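Contents: one structure, followed by commentary.
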Amino acid sequence: MDKPTDMRQSVANAAEPEFAPADLSAWAKSAAKSAPGGDVQALNWITPDGITVKPLYTAADSADLPHANTLPGFEPYLRGPQATMYAVRPWTIRQYAGFSTAEESNAFYRKALAAGGQGVSVAFDLATHRGYDSDHPRVTGDVGKAGVAIDSVEDMKVLFDQIPLDKVSVSMTMNGAVLPVLAGYVVAAEEQGVRQDQLSGTIQNDILKEFMVRNTYIYPPKPSMRIIGDIIEYTSLNMPKFNSISISGYHMQEAGANQALELAFTLADGKEYVKTATAKGMDVDAFAGRLSFFWAIGMNFYLEIAKMRAARLLWCRIMKEFGAKNPKSLMLRTHCQTSGWSLTEQDPYNNVVRTTIEAMAAVFGGTQSLHTNSFDEAIALPTEFSSRIARNTQLIIQEETHIPSVIDPWAGSYMMEKLTQDMADAAWAIIEEVEAMGGMTQAVDSGWAKLKIEAAAAEKQARIDSGKDVIVGVNKYKLAKEDPIDILEIDNVKVRDGQIERLNKIKKERDTAKVQQALDALTAAAESGEGNLLELAIQAVRLRATVGEVSDALEKVYSRHRADTQKVTGVYAAAYDSAEGWDKLKTEINALAEELGRRPRVMIAKLGQDGHDRGAKVVATAFADLGFDVDMGPLFQTPEECARQAIENDVHAVGVSTLAAGHKTLVPAIIAELKKQGADDIIVFVGGVVPAQDYEFLFEAGVKGVYGPGTPIPASAKHVLEQIRQATIL
């Protein structure tokens, strides 16, 4: 019997097949047969960043790129900051969370760590972000609603109870009240027996982006930059394993920035922080190795990977300009979080798929740690069930796919290498524009940077509302009936009462005179410019000074920042690709204006400490483009202040934009206040993140319209117009 053929030998001996040389013109002729109008160029995708993505890339597209033959762990670190990347150690799995009280949050962190989480990532409530204690009258509806309430080191000790801070890294998203919060973490660790030099983790401490998008600032830009410099200085001397700043693009993309804007503005912010630290006399290599970055990862899969590769390329270039010599100073290390904005209220289980795709983009881009959002976060705070799915998404990518076995698997891709260079070029052009203005502080102060992001947001929303950009389950393939899902409900009153009780206990038991001396020392340092503010804050917090008291001590000198309220015009209308319906609605608005003798007037308001104003700004822009008179209320209004402004401006309607779960407290309060001030003819409508389960509650409170995520703005505008007509004409 013949021996079986050795197939491997047969293949090895087979003649190499011959292929015809690549002929791009022949491909173009073939492709033209199925291209729209016979034009292959019509297949190009022009991204919101202005980058052309072609349907076909060849070796010629990447042949002359300067980074084509680089390696991971070596300059310019495009392929990753470490030589072995995930092949030896995968990224850190983080779960960003804060659940009303320190006790509940601590229980969640401990469960997450036991289930495979590898670090703690803390979300604070808005009262804490803005430097208010829970008993302050301005934060009645905010305490515990969008994160954990922290008033003192006693809360911090509960938050990290039984979590060994010498072993577990802690990431804290905190910018405005960064001094008392970081001080509270340091003191809680000390009282756990952990030295400062043992602490590892990251404090966000990125105030410039707050002035552009998220708005959880406290002080004006200049003193805020002093605080950042003091934190970088203190941590470099005392906390060498701790990242003193996480320069964040995440909130820029969430507010509407495209990938090139996010990349450019974030790196420009980074340049500004390095300038601030070196201006204090610090050597760049003494602190630059502990700077880190934070990117949003959205649904533009290819662009997100290219963005992260380009970021490392550009940061290496920037740090060389500062004279950095230590390789760690040249490496861009980053945390990523999947997009919250891309999550939909409609057909929410689609969000599991979206988050998985975004997580893979982050991994392919080379992140050092990752948080995956839960599928229900477009509706409410995540439940334990949804958080487990989000965490397991990362575990499956790490443990089952073998994706981590290959370092930068996209390297050498004709498309990816070209896109990386295109993204770097687009971002660098914006960075040069910022530098021509005098740097990012100037670009932020002028309002230019904020308006650039708001214009991008308005354009994106118009493309979605007109159906040009598809969102599955929202503007295409919609369900006939949406099934309710379980949500996490926070009892704001109960949480606030508990926090106030703990605050009163602390104040009763501490040495009031010593606390006041420590607070006075902070105020004096703010006045003189001498001393380190973080060091002084730690001393005050050790004595049981509260978050609000430390913030107030600096506010005496620095004051609270109040942003100018501006809005872009014409952008939404230009991008809205459905002229017939748009023009008809404009005609109806004009007709009502003639009947009333003036244009229908709407005030768009943000109540409480929720500074996320993307939705409010986009709605204001679109309503104005349609022909409404639109007033923008300032951020952080109380219901009383909002009602007073609405009456003074003689508006027909107030639209409340809500993203931080305060609607059940703050919206009934504005309706009651309008009635109290004799203006219950002003109608109130609500837009934003509102669970369907809460609609009836709001309607019973007197709300005339509720427009959840995914509602086309023209549809909401038409409904508001009808409500104004009924209230004024009929």
Side-chain angles (χ1 to χ4, degrees), residues 141 215 345 454 457-458 461-462 465 565-569 572 585 588-589 592 599-608 610-675 679-690 694-695 697-699 701-728:
N215 300 310
E345 178 189 37
E454 288 173 4
Q461 191 62 50
D465 288 348
T565 303
Q566 304 177 59
K567 62 179 182 293
V568 296
T569 57
Y572 185 97
L585 186 52
E588 292 177 15
I589 292 169
L592 181 59
R599 292 202 164 275
R601 193 176 188 95
V602 175
M603 175 179 167
I604 305 298
K606 295 288 295 184
L607 300 179
D610 175 15
H612 297 81
D613 61 353
R614 172 182 180 154
K617 289 295 185 69
V618 170
V619 168
T621 294
F623 273 46
D625 287 351
L626 278 165
F628 286 92
D629 274 344
V630 179
D631 297 327
M632 280 294 301
L635 290 171
F636 315 125
Q637 281 190 315
T638 64
E640 294 81 5
E641 291 165 343
C642 179
R644 194 179 312 123
Q645 182 180 350
I647 293 166
E648 289 172 355
N649 291 9
D650 195 18
V651 303
H652 297 104
V654 173
V656 178
S657 172
T658 177
L659 276 85
H663 53 274
K664 291 181 76 172
T665 304
L666 296 168
V667 173
I670 179 66
I671 293 171
E673 195 61 35
L674 286 168
K675 185 174 183 178
D680 51 354
D681 57 327
I682 296 176
I683 68 171
V684 174
F685 60 95
V686 178
V689 178
V690 180
D694 292 350
Y695 282 26
F697 171 87
L698 293 174
F699 289 136
V703 170
K704 298 299 183 184
V706 182
Y707 315 113
T711 304
I713 292 178
S716 64
K718 184 173 178 59
H719 188 256
V720 169
L721 182 70
E722 290 169 355
Q723 294 296 318
I724 293 174
R725 180 184 287 115
Q726 288 179 21
T728 56

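Just so we're clear, the structure is a prediction, and the values are computed from it rather than from any experiment.
Among all heavy-atom pairs drawn from A620 and M632, the shortest one is CB-SD, 3.4 Å. Looking at every heavy atom in both residues, A643 comes nearest to I670 through N-CD1, 3.5 Å. Across F628 and A717, no two heavy atoms sit closer than the pair CZ-O, 3.8 Å. Among all heavy-atom pairs drawn from I671 and G702, the shortest one is CD1-C, 3.8 Å. Taking every heavy atom of both residues into account, V654 and C642 meet most closely at CG1-SG, 4.1 Å. Nearest heavy atoms, P639 versus A669: CG-CB, 3.6 Å.
Geometric assessment of K606 against the ring of F636 yields a negative cation-pi assignment under the 6.0 Å and 45° thresholds.
When atom types are taken as modelled, the side chain of E641 and the backbone of T638 share a donor-acceptor pair closer than 3.5 angstrom. Between the side chain of D610 and the backbone N or O of H612, at least one donor-acceptor pair lies under 3.5 Å. Side-chain atoms of H652 come within 3.5 Å of backbone N or O of R601 as a donor-acceptor pair.
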| query | Can you list the steps and then say if D631 with V602 is a side-chain contact (heavy atoms from CB on, under 4.5 Å)? | reply | CA-CA 6 Å; D631 297 327; V602 175; over 6 Å; no
| Where do T658 and V686 land on the side-chain contact (heavy atoms from CB on, under 4.5 Å) test, with the steps shown first? | CA-CA 7 Å; T658 177; V686 178; 3.8 Å; yes
| task | Start with the C-alpha distance between F685 and Q723, add both sets of side-chain angles, then the distance that settles side-chain contact (heavy atoms from CB on, under 4.5 Å), and finish with yes or no. | result | CA-CA 10 Å; F685 60 95; Q723 294 296 318; over 6 Å; no
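By the 4.5 Å heavy-atom criterion applied to side chains, I604 and V656 are not counted as neighbours. Side-chain contact between V651 and D629: absent, with no pair of heavy atoms (C-beta onward) separated by less than 4.5 Å. Two residues are said to be in side-chain contact when any heavy atoms from C-beta on lie closer than 4.5 Å; L592 and I724 meet this criterion.
Taking the charged nitrogens against the carboxylate oxygens, R614 and E454 have no contact shorter than 4.0 Å, which rules out a salt bridge.
I683 CD1 to L674 CG: the interatomic distance, rounded to the nearest 0.5 Å, is 11.0 Å. Atom CZ of F623 is separated from atom CD1 of I589 by 8.0 Å, given to the nearest 0.5 angstrom. Put simply, CG on N649 and CZ on R644 are 12.0 Å apart, with the number rounded to the nearest 0.5 Å.
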Please tabulate, for side-chain N and O atoms in residues 703-713, each donor-acceptor pair with protein atoms closer than 3.5 Å (sequence neighbours left out).
{"unit_1": "Y707", "atom_1": "OH", "unit_2": "H719", "atom_2": "ND1", "d": "2.6"}
{"unit_1": "T711", "atom_1": "OG1", "unit_2": "G708", "atom_2": "N", "d": "3.3"}
{"unit_1": "T711", "atom_1": "OG1", "unit_2": "G708", "atom_2": "O", "d": "2.7"}

